[in-house]
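See below for the structure under consideration.
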Protein chains: 2
Amino acid sequence: MTVSKQVGKVGSVEAEGMCPYRLVLEHLTSRWGVLVLIELLDRSHRFSELRRAVGQVGRPVSEKMLTQTLQNLERDGLVHRDAKPVIPPRVDYSLTELGREAAEQVRALARWTHTRMPDVEKARLAYDEARELRSRAS
Amino acid sequence: MTVSKQVGKVGSVEAEGMCPYRLVLEHLTSRWGVLVLIELLDRSHRFSELRRAVGQVGRPVSEKMLTQTLQNLERDGLVHRDAKPVIPPRVDYSLTELGREAAEQVRALARWTHTRMPDVEKARLAYDEARELRSRAS
DNA sequence: CGGCATCCGAACTGATACTG
DNA sequence: CAGTATCAGTTCGGATGCCG
């Protein structure tokens with residue numbers, strides 16, 4: 001009997017007992033998924049281009065995590081992987097139509113965050129100050 | 001000399017060397033942050049209500065993680081914490097105006113994911129099938 | 001009830017080494 | 001270049017005990 005070796009499901013917990021759409025949402029909102037989608041919204045990227053571009057905004061991505069992220073997004077039909085059989089290898093990643101819709105939502109959220117940063121920083125100062133006062137009150 | 005005990009920054013990596021807005025975005029898109037914001041969009045919740053509600057969609061949240069998530073969101077000025085000095089204690093969490101804006105973006109993304117699930121599942125079948133074929137080709 | 005502090009196993013992440 | 005495999009460090013999450 002063939003063991004069937006368990007296809008799909010790259011990385012992350014992906015446990016059972018939760019709504020299926022939750023898994024896709026986790027891929028979209030994963031640490032690197034967010035940045036990858038936004039990058040690809042501009043244009044298609046090669047693997048190492050993506051790695052550099054993403055590293056500009058967040059911290060550097062390990063190639064393993066980038067691979068995992070891309071495979072998840074590809075499996076969900078959000079990212080298209082175009083591997084050209086040349087030497088040295090060249091692989092281009094781009095958004096599918098489905099992926100473009102998702103990426104636009106994600107970018108909207110990212111932009112909102114960016115424009116609202118001043119308010120967030122203000123809130124943080126107030127929060128930290130209040131905490132400071134409470135700890136002072138012995 | 002007082003050690004000042006390092007205020008702010010609850011849980012998560014929060015490392016240096018990345019754009020500041022990236023941190024807020026990570027709070028918004030964190031595993032539990034997403035679900036908490038969506039829940040609070042309906043109405044304010046008590047701590048244990050949130051815990052139950054979030055557990056419906058995703059897997060159960062540990063109280064530790066929920067606490068951490070809420071503290072991050074509160075510090076960013078997205079969630080308001082109202083602790084009533086009664087016995088037994090009662091704490092209500094609700095969205096601030098800032099948080100409501102964010103939560104609506106997040107919910108939009110979640111809804112999109114939900115409506116597009118059929119397409120995603122179709123893509124997954126195609127992906128897994130293609131992978132199956134490739135592995136068969138010895 | 002709504003936390004906070006600690007310990008500990010499990011899962012995730014990343015640097016390294018290796019393949020095509 | 002674009003990955004895969006592996007090993008070690010970090011974070012996550014549950015369990016437990018304590019406090020207001």
Side-chain angles (χ1 to χ4, degrees), chain A residues 5 9-18 23 26-27 29-33 35-36 44-55 58-74 79 81-93 131 134-135 137-138, chain B residues 5-7 9-18 26-27 30-33 35-36 44-55 58-75 79-94 131 134-135 137:
Chain A
K5 236 168 140 219
K9 288 186 182 177
V10 186
S12 83
V13 183
E14 312 279 308
E16 290 70 26
M18 49 163 127
L23 296 176
E26 293 213 354
H27 295 164
T29 62
S30 67
R31 197 194 307 290
W32 307 118
L35 301 181
V36 164
S44 73
H45 282 66
R46 299 182 57 177
F47 185 84
S48 31
E49 283 180 332
L50 262 180
R51 209 174 160 203
R52 272 189 298 277
V54 164
R59 92 197 64 190
V61 214
S62 68
E63 61 186 300
K64 186 174 74 171
M65 283 301 104
L66 183 56
T67 298
Q68 227 172 65
T69 301
L70 287 169
Q71 286 177 353
N72 278 327
L73 295 176
E74 186 194 357
V79 161
R81 179 175 182 277
D82 183 21
K84 294 181 181 66
V86 297
I87 293 184
R90 178 191 177 94
V91 182
D92 285 276
Y93 290 93
R131 230 177 66 96
R134 273 199 307 283
S135 71
S138 48
Chain B
K5 241 174 142 215
Q6 187 190 349
V7 301
K9 290 190 182 176
V10 186
S12 82
V13 184
E14 310 280 307
E16 288 69 27
M18 49 164 127
E26 294 214 354
H27 294 165
S30 67
R31 196 191 306 288
W32 307 117
L35 300 183
V36 165
S44 73
H45 282 65
R46 298 182 59 177
F47 186 83
S48 30
E49 283 180 333
L50 262 181
R51 210 175 159 200
R52 272 189 297 277
V54 164
R59 93 197 65 188
V61 214
S62 69
E63 97 180 12
K64 188 171 68 171
M65 283 302 104
L66 182 56
T67 298
Q68 228 172 63
T69 301
L70 286 169
Q71 285 178 354
N72 278 327
L73 295 177
E74 186 193 358
R75 189 168 105 97
V79 161
H80 173 67
R81 179 176 182 277
D82 183 21
K84 294 179 180 69
V86 297
I87 292 185
R90 178 191 177 96
V91 182
D92 285 275
Y93 291 94
S94 55
R131 230 176 67 95
R134 273 200 306 283
S135 70

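Below, chains carry the letters A, B, ... as their sequence lines are ordered, and counting in each starts from 1.
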- Task: To the nearest Å, give me how far apart CG (L50(B)) and C1' (dC1(C)) are.
- Result: 14 Å
- Message: Please pick, from dC4(C), dC1(D), dG3(D), the nucleotide with the shortest atom-to-atom distance to any side-chain atom of T67(B).
- Response: dC4(C)
- Closer than 4.0 Å, any side-chain N/O of Q71(A) to the OP1 or OP2 of dT4(D)? yes
- Protein-nucleotide distance (Q68(A), atom CD; dA11(C), atom P), rounded to Å: 14 Å
- Item | Under-4.0 Å side-chain N/O to phosphate OP1/OP2 contact, Y93(B) with dG3(C) | yes
- Between CD of E26(A) and C1' of dC12(C) the distance, given in whole Å, is 13 Å
- Apply side-chain contact (heavy atoms from CB on, under 4.5 Å) to S48(A) and list each qualifying residue two or more places apart in sequence or on a separate chain. R52(A)
- Distance, rounded to the nearest Å, where L70(B) contributes CG and dC1(C) contributes C1': 15 Å
- Please list, chain by chain and in numerical order, all residues satisfying side-chain contact (heavy atoms from CB on, under 4.5 Å) with R46(A), sequence neighbours excluded. E49(A), R90(A), D92(A)
- Message: When you measure from the side-chain N and O atoms of R81(A) to the phosphate of dA2(D), is any distance below 4.0 Å, counting only OP1 and OP2?
- Response: no
- Query: How many angstroms lie between NE2 in H27(A) and CG in N72(A), if you round to the nearest 0.5 Å?
  - Reply: 4.0 Å
Protein and nucleotides 14-16 of chain D: nitrogen or oxygen contacts under 3.5 angstrom:
residue : atom : partner : partner atom : Å
dG14(D) : OP2  : S62(B)  : N            : 2.8
dG14(D) : OP2  : S62(B)  : OG           : 3.2
dG14(D) : O6   : K64(B)  : NZ           : 3.0

- Which pair of heavy atoms, one from G58(B) and one from L35(B), lies closest together, and at what distance? N-CD1, 4.1 Å
- Message: Does dG13(D) have OP1 or OP2 under 4.0 Å away from a side-chain N or O of W32(B)?
- Response: yes
- Would you please confirm or rule out a distance under 4.0 Å between OP1 or OP2 of dG13(D) and any side-chain N or O of R31(B)? yes
- At what distance, to the nearest 0.5 angstrom, does OG1 of T69(A) lie from OH of Y93(A)? 10.5 Å
- Query: dG20(C) C1' sits how many Å from I87(A) CD1, rounded?
  - Reply: 8 Å
- Query: Mapping P89(A) and P89(B) onto DNA chain C by nearest heavy atom, which one lands closer to the 5' end?
  - Reply: P89(B)
- F47(A) atom CZ is separated from dG20(C) atom P, nearest whole Å, by 18 Å
- Task: Describe, as an angle rounded to 10 degrees, how the axis at the first end of the helix from dC1(C)-dG20(D) to dG20(C)-dC1(D) is tilted relative to the axis at the last end, five pairs per end.
- Result: 40°
- Query: Could you give the CG-to-C1' distance, from N72(A) to dG3(D), as a whole number of Å?
  - Reply: 16 Å
- Query: Does a nitrogen or oxygen in the side chain of R46(B) sit under 4.0 Å from OP1 or OP2 of dC1(C)?
  - Reply: no
- Note on the structure: Of all heavy-atom pairs linking E63(B) and F47(B), the shortest is O-CZ, 3.9 Å
